[in-house]
Visitor: 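Supplied in structure tokens, the structure appears directly below.
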Amino acid sequence: AKDWAADLTDLRIYPFLLGLTPRHDCYGSKLKIFVYDLPHLTRGVLHCHHGQWGLEALIPHWLRQGSCSTQDAEEADFFLVPWHTWCDRIVY
């Protein structure tokens, strides 16, 4: 019967993608990063997180869920413009 068990390895990322994991502390960094919200260029992290180009969706999502994220551009040390280029070209 154990041969019939489902492999759930790929599913472990979904709590993170759905915002169900606690906020992280950005490994103790004091840097602040402003991640632009551009829904017309980033159609969905749930759809784009797989495959070779998944990091272009996962990095902004990870940053937004950490203490290094800021909504105030004036206090930001760095800026990130997310754009799911390859996901848009391949999937949509």
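All heavy atoms count here, side chains included; hydrogens, waters and symmetry mates do not. Just so it is clear, the structure is predicted and the values come from calculations on it, not from any experiment.
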Visitor: Any side-chain to backbone donor/acceptor pair from Lys32 onto Ser67? Under 3.5 Å, distance only.
Guide: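 At least one qualifying donor-acceptor pair exists.
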
Visitor: Distance from Lys30 atom NZ to Asp25 atom CG, nearest 0.5 Å?
Guide: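 Answer for the NZ-CG pair, Lys30 versus Asp25, is 8.0 Å.
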
Visitor: With a sphere of 6.0 Å drawn around CD of Glu75, does it hold more than 12 non-hydrogen atoms of other residues, nucleotides or ligands?
Guide: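 Yes, because the 6.0 Å sphere around CD of Glu75 holds more than 12 heavy atoms from other groups.
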
Visitor: With a 4.5 Å limit on heavy-atom distance, are the side chains of Arg64 and Pro82 in contact?
Guide: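 Yes, at least one pair of side-chain atoms sits under 4.5 Å.
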
Visitor: Identify the two heavy atoms, one from Val35 and one from Pro60, that lie closest to each other, and give their separation to 0.1 Å.
Guide: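 Residues Val35 and Pro60, closest heavy atoms: CG1-CB, 4.0 Å.
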
Visitor: Phe34 pairs by side chain to side chain contact (heavy atoms under 4.5 Å, CB included) with which of Thr70, Leu63, Asp77?
Guide: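 Going through the options one by one, the only one that passes is Thr70.
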
Visitor: In this structure, are over 12 heavy atoms from other groups packed under 6.0 Å from Tyr27 atom OH?
Guide: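 It does not: Tyr27 OH has 12 such atoms or fewer within range.
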
Visitor: Measure the CD1-CZ distance between Ile33 and Phe79 for me, rounded to the nearest 0.5 Å.
Guide: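 The distance works out to 10.5 Å.
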
